[in-house]
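Below: one structure, written as structure tokens.
Quantities reported herein were computed from a predicted structural model and do not represent experimental measurements.
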Amino acid sequence: MRSVIDVWHHTVSEAAPVTVLPDGCRDVIVRKRVGQRPDWFVSHLQDAPMLASQPSGTVMTGYRLRAGVRLDLTGALPRDVDAVLDWLQDAGADAPSVVEDLEVLAAASSVTEAAKEIGVSARSLQRHVAAATGRTPVFWHRLGRMRRAGVGLSGAEDLAELAAQHGFADQAHFSRECRHWFGMSPHKLRADHSVLAQLAQPGLATGEQISTR
């Protein structure tokens, strides 16, 4: 199982805050700032949208880890950016059972159904997932469902139908979850093409794509 599901590149043209949505993943980000030596950091697992900013001219390469993957960061990250992807594939201690559990939770109709599909009790799933990720099964189920529904907003489907399709109690429930995870209503999100594009990127419940360097 691959630890890295996407490699992205970004050059900051303007030092303005950018909204970053929760995707269930951590990224190892190599950063080159003007006049400074390259450095790297691991992004946090988000519970809500956040604003991020970098100085103008900063060049970043991000390696997105599959949800649930853990890294052994006791060694030094390679200085050669082109070698980072190979290093990550070796360094990823991805605990396959946890990774697979999160994928099931993201796609299931409920946490109870996910536990049945995995073949464990809901209590056992709770302990296992919480110990491995620091988040509950409910967190992973809610985020996965909302990300799938968010991707669906790129189409023309009626909001009430979209809410029902993804297991929300009603359109109001859908709207509350959308504001919680993405900071805006479904109507506003549907009109924001930059946010829709971000939701379509690889992450929890939205697939895998290894980009070329």
Side-chain angles (χ1 to χ4, degrees), residues 1-8 20-28 42-49 62-72 88-89 91-155 157 161-170 173-174 176-182 186 189 196 198-211:
M1 180 181 291
R2 288 174 173 168
S3 298
V4 178
I5 60 171
D6 189 36
V7 182
W8 54 265
V20 180
L21 302 181
D23 57 21
C25 302
R26 288 185 169 96
D27 292 10
V28 174
V42 182
S43 66
H44 297 292
L45 183 60
Q46 295 174 230
D47 298 282
Y63 300 85
R64 182 157 300 153
L65 306 177
R66 189 184 299 275
V69 165
R70 293 173 290 178
L71 286 176
D72 177 5
L88 283 172
Q89 300 293 13
D94 54 6
S97 64
V98 174
V99 173
E100 293 167 1
D101 289 350
L102 300 191
E103 292 174 351
V104 173
L105 280 163
S109 59
S110 68
V111 172
T112 300
E113 288 303 313
K116 289 180 181 178
E117 183 175 340
I118 294 167
V120 299
S121 69
R123 187 177 294 252
S124 294
L125 183 62
Q126 166 80 20
R127 288 196 300 265
H128 178 55
V129 170
T133 70
R135 300 293 190 279
T136 67
V138 171
F139 167 89
W140 294 105
H141 169 65
R142 288 178 60 196
L143 177 56
R145 177 176 62 183
M146 193 62 244
R147 282 180 57 80
R148 293 197 315 275
V151 170
L153 286 169
S154 60
E157 193 167 6
E161 293 179 1
L162 194 62
Q165 178 183 331
H166 290 281
F168 295 97
D170 50 33
H173 180 206
F174 179 30
R176 288 194 302 273
E177 287 290 279
C178 194
R179 289 188 178 92
H180 171 84
W181 293 106
F182 304 147
L189 195 157
L196 288 175
Q198 188 179 154
L199 278 173
Q201 295 173 359
L204 182 71
T206 55
E208 173 179 344
Q209 173 184 323
I210 297 298
S211 305

Rounded to the nearest 0.5 Å, how far does NE2 of His166 lie from NE2 of His173?
13.5 Å
Check whether any side-chain heavy atom of Val98 lies under 4.5 Å from a side-chain heavy atom of Val129, and answer yes or no.
no
Closest heavy-atom pair, His180 versus Pro49, reported as atoms and distance to 0.1 Å, is O-CD, 3.8 Å
Residue pair Leu65 / Ile5, side-chain heavy-atom distance below 4.5 Å:
no
Main chain of Val104, side chain of Glu117: is a donor-acceptor contact present, judged purely on distance under 3.5 Å?
no
For the residue pair Leu199 and Leu153, establish whether any side-chain heavy-atom pair is separated by less than 4.5 Å.
no
If we only count heavy atoms from C-beta on, is the Ser97 to His128 side-chain gap below 4.5 Å?
yes
Shortest non-hydrogen contact between Tyr63 and Trp8, atoms and distance
N-NE1, 4.4 Å
Under the side-chain contact (heavy atoms from CB on, under 4.5 Å) rule, what do Leu125 and Leu105 come out as? Steps first, then yes or no, please.
CA-CA 10 Å; Leu125 183 62; Leu105 280 163; 3.9 Å; yes
Flag the pair Leu204 / Asp23 as yes when at least one side-chain heavy-atom distance between them is below 4.5 Å, and no otherwise.
no
If I compare all heavy atoms of Pro186 with all of Cys178, which pair ends up nearest, and what's the gap?
N-SG, 3.8 Å
Relative to the ring of Phe168, is the ring of Phe174 parallel (under 30°), tilted (30 to 60°) or perpendicular (over 60°)?
tilted
Report yes if the side chains of Gln46 and Val20 come closer than 4.5 Å at any heavy-atom pair, otherwise no.
yes
Once rounded to the nearest 0.5 Å, what's the spacing between atom CG of Asp6 and atom OG1 of Thr206?
9.5 Å
For Cys25, is there any backbone N or O sitting under 3.5 Å from a side-chain donor or acceptor partner on Arg64?
no
Side-chain donor-acceptor distances from residues 106-116 under 3.5 Å, at least two apart:
residue : atom : partner : partner atom : Å
Ser110  : OG   : Glu113  : N            : 3.1

Among residues two or more places apart or on two chains, list those pairs meeting side chain to side chain donor-acceptor pair (under 3.5 Å) that have a residue in residues 134-145.
Asp47-Arg135, Thr133-Trp140, Arg142-Glu177
Is there a side-chain contact between Leu143 and Arg147, using heavy atoms and a 4.5 Å cut-off?
yes
